[in-house]
Structure formats: structure tokens, C-alpha cells
Amino acid sequence: MSKTTIPRGGITADAIDATLVTDDAISDEHLDVTAVTGQTAITSLADTDKFLVSDASDSGNLKYVEKQYLGGGALIKTGQTTLGSDASTLTVDNCFTSDYGNYFVVMEDMTCTSDDQNFRMRFRTGGASGSTDTGSQYRNASRYFDDDGSTASNTGVDQQQFTLSDGSEESADWKGFNGFFVFYQPQENSSSRFSGSGSFTRNTASDEDVVSSHNAGHYDSNAIHTGLHFFYSSGNLRAGANVIVYGISEA
Amino acid sequence: MTESYTVWDNLVGLRDMTPEEKAQREKDVKAWNDASATRKLTKIRAMRLKRLKATDYLANSDVTMPDNIKTWRQSLRDIPSNHTDEDAYDLLLARDSDGNLTHSIWTQPTE
């Protein structure tokens with residue numbers, strides 16, 4: 001017997017189940033769009049969260065796949081600071097955690113408000129309410145190659161900071177240090193090291209030189225580092241300076 | 001030079017330094033300023049070395065170094081002992097509007 005109308009309340013909850021519906025009887029045009037948009041949104045995914053898929057290797061039958069089996073980006077942003085106005089220092093806190101072992105850091109337009117200053121970096125400890133590590137445990141080796149062919153370097157052990165570049169050019173038009181570093185196990189107690197490359201504009205007596213910079217550094221003592229701290233030897237960082245930290249996924 | 005004593009971080013944005021951070025900043029800047037003469041002397045030494053290297057070939061056994069070059073090279077070597085304060089370093093590092101060094105000690109005598 002067929003019915004053409006069903007009175008309100010005529011179908012009780014869960015009264016229609018799979019045994020009562022012919023296979024493939026409900027096509028996509030009958031799905032309410034709120035089947036997706038009506039659900040509660042989440043902002044992070046667990047490895048076992050599930051996505052509906054049409055299995056191409058099994059006649060397009062519906063199946064699910066878990067988040068842990070989805071391909072994903074290898075770089076996951078863990079912190080970013082962009083200066084909205086000039087400031088003495090730029091800090092990125094809580095960007096190194098136990099979630100990732102190694103990190104990729106991009107530094108953009110780290111320009112000083114003064115000429116002839118050194119660009120420096122320190123680690124932070126303590127997570128979200130961090131403090132700057134000023135121990136004399138920093139050693140660094142930075143080598144420079146100028147566009148006029150000259151070379152220079154900044155090296156040191158038992159320093160209170162890493163020295164990344166020198167001879168800053170204060171003009172905002174020339175931009176300051178731009179570069180990328182990889183930090184190795186900064187959140188491990190026994191190791192904090194980085195290496196990477198960049199470029200900057202060196203203020204010289206007669207003009208400006210574009211300089212290729214190759215940097216490496218090591219922190220000599222045990223410490224769990226959770227963030228980064230950038231500053232010039234004197235003067236401020238200009239608005240627009242930007243540091244982005246990404247955790248490198250090994251999945 | 002203006003120091004703003006401010007921090008821009010990823011959690012609260014722009015903020016004033018804590019007393020401890022300000023003290024560290026003042027210590028850093030003072031150390032930098034105190035080392036000004038040392039940095040200038042380092043730069044002078046590098047400039048001197050470049051000129052000495054450029055004329056080292058004149059000391060080869062098959063070449064005779066002119067006396068005026070010998071005198072000039074000795075004056076370069078004597079820079080640290082004859083120029084001993086920051087004012088003297090500033091004179092050695094002074095340049096004209098074209099960026100050329102103005103102190104006569106940097107000019108190599110004609111052979």
C-alpha cells in the first residue's frame with residue numbers, strides 16, 4: 001500500500017531505518033545542505049576524526065577516511081609576530097613546543113631605525129609567559145659576502161646573544177635582514193642549534209651593499225627554549241618586521 | 001639615539017618593557033656604546049691589512065721596495081700606537097661627500 005501524504009508526527013523518531021529504504025533511493029538532490037552547515041564547527045582535528053569519501057577503487061561506495069591518513073602540509077605555523085609600529089624588540093613566544101622537533105623560521109624586513117647596528121637574536125624560555133635567555137652561552141659563526149666582492153664575518157663564543165648581521169642600513173627603502181633559519185630541537189634540554197641563510201643591506205661610507213649572509217649558532221648549556229627574541233644593538237626595529245615560525249611535521 | 005623600551009610580541013602585541021627587560025636593554029646598549037672605539041679600531045685594522053697585503057709583493061726577493069713605500073707601510077703598522085683614542089679613530093675613518101677616505105695615511109705614495 002502506498003501513501004501520498006503522511007500526517008505531522010506520523011513518523012516517529014528512528015522509525016525509518018535502512019531495512020525500509022531501497023538501496024540508492026535517496027540521491028544527493030534530497031540531501032539538505034544543512035546536513036553539513038548545521039553541524040557544530042571544530043577548529044582542530046584528532047587523528048581519528050573521520051571524513052566521508054567515495055571510494056574510487058570500490059565502485060564509488062561511500063566510506064570514511066581518518067584524518068591521520070590524509071596528506072597534509074609539512075610546515076605547520078606555530079607562531080608569528082608582525083610589528084605594527086617601531087619597537088625595541090620583537091618576540092615570538094610559545095612557538096617551540098613538544099609537538100615538533102625542528103622548526104623553520106622566516107624573517108622578513110627586519111630593518112633598524114639606525115645605521116651601523118648589529119642584528120641580534122636570543123632564545124626565550126618559559127612558554128607563553130616567557131623570559132629572554134641572556135646567559136653567556138651563545139656561540140655563533142656568521143659569514144658575509146658583499147656585492148662588491150668583499151667578505152666579512154661575525155664569530156664568537158660565550159656571547160650573550162647570536163649576532164646575525166652588522167652595519168645596518170636605516171633606510172626603510174633598503175630593508176633590513178631577510179632570511180630563513182632551521183632550528184634543531186630547541187625545546188630539547190640538551191640541544192639548541194640553528195643554521196640558515198639570509199641577506200641584508202650594509203650601510204657603507206659611500207653607498208649600500210647587498211650582503212649574502214650565512215649563519216649558524218649553538219647554545220652551549222642545557223635549556224628548554226620556547227621562543228625567539230630579535231633586536232638590534234641599539235635603535236628600534238621598524239614597523240613591518242615580521243617573523244613566522246613553522247613546526248616541521250615528520251608525518 | 002631614541003630607545004623606545006618596547007616589546008612587540010605575538011601574544012599581546014606592543015607593550016612596555018618590564019623593569020627587568022628595560023634593565024637588560026640598557027645594559028645591552030651600554031655595552032654596545034662602550035665598545036664603539038674597539039669596533040672602530042677593528043675596522044681600521046682591517047683597512048690597514050688590506051693595504052699592507054696589496055703591497056706585500058714589493059717585499060719579494062726579486063723586487064726592490066722603494067723607501068717611500070717602506071716608510072708608508074711602517075706608518076700603517078704604527079697606527080695603533082700613534083692613534084690611541086676614539087677621536088683619532090674618527091679622523092682616520094673620516095670620508096668626504098663622495099665616500100673617499102680623507103686621512104692622508106691611507107694614500108699609497110707613488111713608487
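Proteins get letters first, then strands, A, B, ... in listed order; numbering begins at 1 in each.
Atom CD in Glu20(B) sits 11.5 Å away from atom OG1 in Thr134(A) (nearest 0.5 Å). The distance from atom OG of Ser129(A) to atom CG of Leu11(B), rounded to the nearest 0.5 Å, is 9.0 Å. Of the inter-residue distances, the one linking Asp28(B) atom CG with Arg122(A) atom CZ reads 4.0 Å to the nearest 0.5 angstrom. Here the CZ-OG distance, from Arg39(B) to Ser233(A), works out to 6.5 Å after rounding to the nearest 0.5 Å. Rounding to the nearest 0.5 Å gives a distance of 12.0 Å between CZ of Phe231(A) and CD of Glu21(B). Of the inter-residue distances, the one linking Asn236(A) atom CG with Trp8(B) atom CH2 reads 12.5 Å to the nearest 0.5 angstrom.
Both the backbone and the side chain of Ala128(A) have a heavy atom closer than 4.5 Å to some heavy atom of chain B. With a 4.5 angstrom heavy-atom cutoff, Lys50(B) does not touch chain A via any of its atoms.
Put simply, of Thr132(A), Asn118(A), Asp116(A), the one with the most heavy-atom pairs under 4.5 Å next to chain B is Asn118(A).
Against chain B, no residue from residues 209-227 of chain A qualifies, as none has a non-hydrogen atom under 4.5 angstrom away. For a heavy-atom cut-off of 4.5 Å, chain B lies close to Gln80(A), Thr81(A), Thr82(A), Leu83(A), Gly84(A), Ser85(A), Asp86(A), Ala87(A), Ser88(A), Thr89(A), Leu90(A), Thr91(A), Val92(A), Asp93(A) in residues 80-94 of chain A.
Taking a 6.0 Å sphere around CD of Glu250(A), one finds it holds 12 or fewer heavy atoms contributed by other residues, nucleotides or ligands. Atom CZ of Arg193(A) has 12 or fewer heavy atoms from other residues, nucleotides or ligands within 6.0 Å. Environment of NZ in Lys67(A): crowded, with over 12 heavy atoms of neighbouring residues, nucleotides or ligands closer than 6.0 Å.
Put simply, the side chain of Trp32(B) reaches to within 4.5 Å of the side chain of Arg120(A), judged on heavy atoms.
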